[in-house]
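Encoded as structure tokens, the structure appears first; notes follow it.
What's counted below: heavy atoms across the whole structure, side chains too, no hydrogens, waters or symmetry copies. Convention: sequence-line order gives letters A, B, ...; per-chain numbering from 1.
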Amino acid sequence: MTTVETAVGTSKTMVLNMGPQHPSTHGVLRVLLELDGENVVTAVPDLGYLHTGIEKSCEDKTYSQAITLTDRMDYLNPLGNNLVYCLAVEKLLGLEVPKRAQYFRVMMVELQRVSSHLVWLGTHALDMGAMSVMLYCFREREEILKIFERFAGQRMMTSYIRIGGLALEPPAGWRELVKRFLDMMPARIDEYEELLTKNRIWHGRLKGVGYLPAETLIAMSTTGPGLRAAGVAFDNRKAFPYSSYEEFDFNVPTRTESDCFARYLVRVQEMRESLKIVRQAMGKITDQGPIKSEAPGIVPPQREKMKTEMEALIYHFKIFTEGFSPPPGEVYVPVESPRGELGCFIASDGSPKPLRVHFRGPSFVNLQALPLMVKGQLIADTVASIGTIDIVLGEVDR
Amino acid sequence: MSEILAKYGFLIVPIIKVAILVFVVLTLDAYLTWLERKVIAHIQARWGPHRVGPHGLLQPLADGIKFILKEDPMPSGVDKKAYFFAPFLTLMLALTSLAVIPFGPDITIFGYTTNFGIADVNLSLLVLFAITALGVYGIALAGWGSNSKYSLLGGLRSSAQMISYELALTLSVVGVLLIAGDLSLKHIVEKQAGDFGLLSWNIVGLSKGGGGFTQIIGCVCFFIAAIAETNRVPFDLAEAESELVAGFHTEYASMKFAMFFIGEYTSMIAVSSLFTILFFGGWLSPFPASWPLTHYLPSIILVPLGLWVVFDGLRYETILGRIILPGLGAVFILLGAGLFLSPVNELIQGPFWFFAKVGAVLFFYIWMRATLPRFRYDQLMGFGWKFLLPVSIANVVLTSAFIMWRMK
């Protein structure tokens with residue numbers, strides 16, 4: 001068994017060091033490939049080049065401060081990270097979030113899913129040599145980022161979802177903004193599919209590549225589109241509904257081939273489903289209503305009240321100086337991130353700072369399957385497999 | 001003048017021609033990179049180069065200066081001979097291959113008749129194939145000499161690729177050779193002349209030699225093999241950026257990298273020229289000779305283009321643009337006006353159509369690069385052996401059968 005330390009190759013094989021600086025390892029993944037000609041004998045992923053210590057840093061922040069750290073974990077899914085962390089803290093506190101805020105959360109997270117899949121599709125197509133798709137995808141992602149900017153004031157590191165609700169009231173005219181995007185997007189997805197789905201070269205590069213049976217994927221704890229492409233319709237939005245997902249009508253796309261092409265099709269279909277969810281959420285959201293729960297001492301009071309009520313002013317001061325103290329205990333909340341099951345585990349000792357915060361990063365867990373996927377395949381297939389696992393190194397290393 | 005030419009012409013004229021050709025081709029290479037970046041950018045909803053000079057027109061110049069001034073590091077442990085020789089070989093072979101290409105019919109200046117091209121070899125097609133087939137050595141040597149695993153894989157891929165497409169490339173032109181009965185590129189073009197203009201070209205085949213048998217199969221096979229020959233998308237496996245970083249030229253920088261670059265673009269021009277000559281009538285006009293007005297087409301295109309450039313240039317944001325663009329437009333207008341004059345007009349017909357066709361083929365190259373994903377190298381080999389080769393052979397059999405039937 002080749003490991004990172006012993007990777008030198010034999011008289012018949014050569015070890016190729018792919019990454020951490022390589023155009024298609026999607027960040028700083030390092031893979032050691034033991035090659036026989038161009039055939040991969042073994043692949044050893046080596047992690048840790050983007051270790052940021054986010055989980056550890058969370059222990060030194062109050063519960064509300066840690067939200068900004070979660071943004072930087074899976075940087076293609078900051079809203080999803082915010083959501084899972086806030087859901088965990090809310091579960092710890094036993095806090096109810098108003099329906100209006102829940103629908104907003106769903107809408108934003110689904111937009112985020114589309115934008116994450118767009119980046120995935122673009123970079124994956126670029127890996128396969130289809131340059132233009134990447135720029136088309138980023139053009140549409142730009143529209144989503146503009147929506148985020150209007151909502152949260154930030155394009156990527158939004159920190160929009162907060163404990164007990166949302167950070168800000170939605171901007172004036174947000175409905176037109178989102179609706180314009182929803183009207184535009186389906187035709188754009190058709191455009192990508194036109195360039196790729198029926199392309200013979202694209203088929204040749206992806207079909208039958210990176211195959212793993214469903215049992216192996218389950219044994220490797222793979223979740224998300226990778227598992228659904230193997231025919232297992234596991235989706236946390238259906239299995240363990242959170243944030244009122246049970247009220248939404250959407251399908252979980254599955255395929256049975258379990259190769260790179262199936263994963264591609266599943267993700268493209270998921271984009272269409274997400275647009276459906278966003279449309280439904282827009283219909284459910286009322287124009288008036290609270291975006292934060294009423295929880296003195298936990299959720300910052302409204303500005304209006306702060307100016308008029310002594311109590312509110314004191315709470316505001318206390319929240320931002322010493323934070324709040326949830327009861328001692330442990331919680332685990334899973335959500336469906338664009339990459340699979342994103343879980344958040346929080347242990348509280350009753351102090352204003354968490355004792356331990358741990359994230360189950362789907363990128364990290366899904367990456368386990370890579371050595372099995374690429375065994376016996378070509379270098380070009382390795383690139384395809386890394387692409388369809390859809391890793392974000394910020395989340396792998398946390 | 002004509003006396004000197006008659007006496008020393010055999011010496012002076014080729015030197016002048018070589019100088020002009022090298023200058024023109026290197027300039028074309030530079031602006032081909034500009035065109036490629038610009039066209040791909042517009043396909044991808046971007047602007048492309050637009051900082052250096054108006055519309056980025058001075059970008060190639062800046063690139064050239066950058067290549068010359070850049071540090072040229074050499075990795076340790078390289079095979080020095082191979083490492084230094086490879087870029088020279090690539091560039092040399094690419095430029096040499098242009099020597100046998102006729103860009104137009106024979107011309108007579110000051111009473112001295114010469115061919116429009118450097119060498120007029122009666123086996124020019126064979127010579128061209130021989131030179132371009134050697135081109136793979138540049139890549140293989142670069143891959144071997146660089147002492148880098150990525151380069152090595154790129155070089156190996158290139159060799160494997162060469163074996164797969166070279167046969168199909170040569171077989172796909174046999175149909176044309178059967179029709180022309182000649183290996184000289186000049187004669188192949190002349191055989192495509194006919195009363196129907198573009199219908200006489202080998203792609204349709206209504207010429208005297210072709211007798212109505214289309215070479216479209218050979219044409220498609222040749223084009224696919226030619227892309228593989230020039231290492232372009234979707235067959236750019238030797239440099240496959242997302243897999244092999246930069247493939248065979250990973251370890252090259254500065255002028256040595258530029259040589260590979262120029263070599264690639266020059267061989268693109270050479271192969272497009274060959275494609276034009278074999279299937280699209282070379283320098284022949286697409287219109288029947290009985291339409292004399294079409295001779296003024298170069299002027300009819302150039303003058304409005306020049307006017308448009310002038311008016312567009314006058315509105316350009318930068319002062320440099322407001323000077324350069326109208327100047328460029330004025331040159332176009334003068335050129336277009338000059339082409340109305342009958343001796344020049346006759347002289348320019350061949351090269352004009354030749355370069356228009358080559359330009360169209362090059363545009364197609366660029367278009368493909370913006371659209372298609374890359375093949376996997378075992379797929380390319382499979383494609384070459386299992387599809388291109390049988391189809392090319394079928395084309396040879398069909399063409400010969402047709403010629404036999406017609407001769408009866």
Begin with the C-alpha distance, continue with both residues' side-chain angles, and end with the deciding distance and a verdict on side-chain contact (heavy atoms from CB on, under 4.5 Å) for A:M18 and B:Y150. CA-CA 9 Å; A:M18 201 168 161; B:Y150 287 114; 3.7 Å; yes

So does [X] have more than 12 non-hydrogen atoms from other groups sitting under 6.0 Å from [atom1]?
X: A:Y192; atom1: OH; result: yes
X: B:W34; atom1: CH2; result: yes
X: B:F85; atom1: CZ; result: no

Minimum-distance pair of heavy atoms, taken over all atoms of [X] and [Y]:
X: A:A380; Y: B:R376; result: CB-CG, 3.6 Å
X: A:D127; Y: B:R374; result: O-NH1, 3.7 Å
X: B:Q44; Y: A:Y136; result: CA-CE2, 4.0 Å

Non-hydrogen atoms of chain A under 4.5 Å away: do they reach the side chain of [X], the backbone, both or neither?
X: B:R46; answer: side chain
X: B:L156; answer: neither
X: B:F383; answer: neither

Measuring from [X]:[atom1] to [Y]:[atom2], what's the distance to the nearest 0.5 Å?
X: B:Q379; Y: A:I201; atom1: CD; atom2: CD1; value: 9.0 Å
X: A:Q377; Y: B:D378; atom1: CD; atom2: CG; value: 10.5 Å
X: B:K149; Y: A:L33; atom1: NZ; atom2: CG; value: 10.5 Å

Under a 3.5 Å distance rule, please check whether A:S132 uses its side chain to pair with a backbone N or O of B:T371 as donor and acceptor.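 No; judged by distance alone, with no hydrogens or angles, the pair does not exist.
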
Region of A:R205 in contact with chain B, defined by heavy-atom distances below 4.5 Å: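 When you check distances to chain B, atoms from both the backbone and side chain of A:R205 fall under 4.5 Å.
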
